[in-house]
Amino acid sequence: MTLKLALRNLFRNSRRTALNLMIMAGGYSAVVIFHGFAANILEATRWGAVESQYGHIQIGNQKLWDRDSEDSFLERQLKDPGELKKKIASIEGVRSVSQRQSFYGLVSTGDRSVAAQIVGYEPEIEKEILNETTIIEGESFLKHTDSENRMIAAVGEGLAKSIGAKPGQTLTLIGQTADGGINAIDTEVISVFRTVIQEIDDTTVFVPIETAQKLLDTTTAERVIVKLKEHGMVDLAVPKVRAVLGEGERARVWKELARLYNQTEAFFASQNKVVAAIIFSLIFLSTMSAVSMAVAERTGEIGTLRAIGRRREDVLRLFVMEGGILGFLGSLVGVVLAVIAMAMINRASIPIVLPGASEPIPIKILYVESAFFTALFATVLAAICASYFAARRALKMKIVDCLKYNI
Amino acid sequence: MAEEKKGSEIVAEVRDVKKTYLLGRKDVFALRGVSLSIRKGEVVALAGTSGSGKSTLLNLLGCLDEPSEGMVQVFGVATAGASDQALSQMRADRIGFIFQNFNLIPVLTALENVEYALIDRSMGARERTESAKQALARVGLGDRTDHRPDELSGGQRQRVAIARAIVHKPSLIIADEPTAALDKQTAGEILDLLQAIRREMDVTVIMASHDPLVLSKVDRVVHLSDGKVQDDAGRGAK
Ligand SMILES: Nc1ncnc2c1ncn2[C@@H]1O[C@H](COP(=O)(O)OP(=O)(O)OP(=O)(O)O)[C@@H](O)[C@H]1O
Ligand SMILES: [Mg+2]
């Protein structure tokens, strides 16, 4: 009966109810869309971090992670990466295992030399690092399968510009060998690349691992990169990987290493909170004003209900119920609004440049299911609290004073 | 004090009651020392000019308000200092209210308005609807159950209000100017209805009114003047 009364009262002033519903729905969808927007950027950042930078799990020598300047180059290396790779490859869920060797060196075209991050990796295994979308000039490492003697390099766009490197040119790499000597080898530039992270494009030269090992005069590897079939498998795979590690070898998870991702995540977490706080305050205030108006108009009704024996809390419950229903309906309209708006935004593919990125990507809003439910809960809660406060004030009035108002 | 109906039990009692309202910074003396006993089965009218304190006294008797000074007892319970819970319970169980402007809930139908007075009762929905229908039939509105208040005439609305006031079989009916918003003929019908109900249900009725028609149809008229009882007369005395 109270529910019936609450519903009828909502529809009685349909204009005000509709207005309040629209405010709630707008707020609701804004929160959900914001969440979806952030989630997409986070996911893209995560994908980039895992696929083209860190892998899901990295194994390195304990001394590599310690970064103690006392330790020599060789002390930081994995002595037998081939054996380690074999052991890890048989673990369930592992998609690929490869080794990398990265170090600072000088790169020179003859006229100009600059310091660069030289990254040796296994192009046949980590195909996603340089592919059709990242290579903007030249060709893939995979075209050069003559494994033993391939002295080839791919240069980041910004770096290539600064030293004037082009495909077909010779690039001299200079580095320190494992036992401390200086070594130089000539490579052929076969491509110029552009990743999603500008810093990489400005500083990095990719080479096949053999090239790097030759320059450093070693057969060791700096780290082994493990990529999994699915992102969700990380927690399961980590202990299994740890179980096969030899002495001095230590595994780290991508999230411990991916600074940009962690910063982005923290940024969006706080931004989502701020947006939600603003919007739910708005919903709170708008409901409060609507319920206050309803309470003022229905003072005579409140007096009558009280006179015929309803207690204060019964009447309060009525108004809170009206607020709750309003919040629920507002959220439902909000779901519809959000889904439509998301579809429109996703279809419009509006370009956006992310911080640290070199190229714009289209805005995409993800459907974050949990955000839909959390926003529903928060909307209803905000509406209920607002009605509670609006109605509570009115219920402090004496019955006889309420009864002076006409219904 | 009139005490003609000796022996019958006292429904409500008022002793040396004063009521002051604070209006801005000024005290308004609405009742200045009123004493009165209402006996079971009486139909009493509180009469007096506008501002004489009729509504104030009626509200005290209906447990809607508490006296500033003195004692008000309804069904043997002192209302001063009683909890909202207890007074609400008393109103819900034992008192029926009729208002000058009917005070029906606009979004509910006639039947629902009447049913609403039974909301606290531990009875099934069926039983509740049945009781409400009976009450509406009793006031002659058995065929208007599904109408909203704005689809009814003034007299019909007041009948719905009476049905709401009697559906829970109260011992006391409080009516503030129940006929003031009605034309003379309708007012007469409503008064006759109240009298008939009083006889059937053995209920006590207290009304506030300055309508001579009302005063002529009640057992007892209590005249108030400037917050005091000026005259308290039994049947036919006025
Ligand atoms: N809430 C209030 N605040 C201040 N003064 C009040 C209040 N209610 C009543 N009064 C005053 O108390 C006095 C008695 O009022 P009451 O309503 O009891 O009169 P009444 O006899 O019912 O009059 P009427 O015939 O006009 O209804 C009046 O002077 C009125 O102004
Ligand atoms: Mg009055």
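When reading the values below, keep in mind they use all heavy atoms of this one structure, side chains included, and skip hydrogens, waters and symmetry mates. Convention: sequence-line order gives letters A, B, ...; per-chain numbering from 1.
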### Task
Could you tell me whether A/Lys404 sits above the aromatic face of B/Phe99, with NZ or CZ closer than 6.0 angstrom to the six-membered ring centre and within 45 degrees of the axis?
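No, A/Lys404 does not sit over the ring of B/Phe99.
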
Distance check, rounded to the nearest 0.5 Å: [X] atom [atom1] versus [Y] atom [atom2]?
X: B/Leu104; Y: A/Ile407; atom1: CG; atom2: CD1; result: 7.0 Å
X: B/Asp65; Y: A/Asp401; atom1: CG; atom2: CG; result: 8.0 Å
X: A/Cys402; Y: B/Asn103; atom1: SG; atom2: CG; result: 11.0 Å
X: B/Ser88; Y: A/Arg310; atom1: OG; atom2: CZ; result: 9.0 Å
X: A/Glu301; Y: B/Leu108; atom1: CD; atom2: CG; result: 7.5 Å
X: A/Ile308; Y: B/Asn113; atom1: CD1; atom2: CG; result: 8.0 Å

Would you indicate whether the side-chain heavy atoms of [Y] and [X] approach each other to under 4.5 Å?
X: B/Glu66; Y: A/Lys398; value: no
X: A/Ile399; Y: B/Arg91; value: yes
X: A/Leu305; Y: B/Tyr116; value: yes
X: A/Arg312; Y: B/Gln85; value: no
X: A/Thr304; Y: B/Arg164; value: yes

Chain A heavy atoms under 4.5 Å from [X]: which part of the residue, side chain, backbone, both or neither?
X: B/Arg94; value: neither
X: B/Ile174; value: neither
X: B/Glu112; value: both

For atom [atom1] of [X], decide whether the heavy atoms of other residues, nucleotides or ligands shown that lie under 6.0 angstrom number more than 12.
X: A/Phe328; atom1: CZ; result: no
X: A/Phe377; atom1: CZ; result: no
X: B/Phe75; atom1: CZ; result: yes
X: B/Glu200; atom1: CD; result: yes

### Task
Among the options A/Thr2, A/Asp314, A/Leu403, pick out the one with the most heavy-atom pairs lying under 4.5 Å from chain B.
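Looking at each of A/Thr2, A/Asp314, A/Leu403 in turn, A/Leu403 comes out on top.
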
### Query
Between B/Asn59, B/Ile105, B/Asn101, B/Asp84, which residue shows the highest count of heavy-atom pairs closer than 4.5 Å to chain A?
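If we count pairs closer than 4.5 Å to chain A, B/Asp84 comes out on top.
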
## Note on the structure
Tightest non-hydrogen contact, residues A/Arg12 and B/Val107, listed as CD-CG1, 3.3 Å

### Query
chain B heavy atoms under 4.5 Å from A/Arg306: which part of the residue, side chain, backbone, both or neither?
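When you check distances to chain B, atoms from both the backbone and side chain of A/Arg306 fall under 4.5 Å.
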
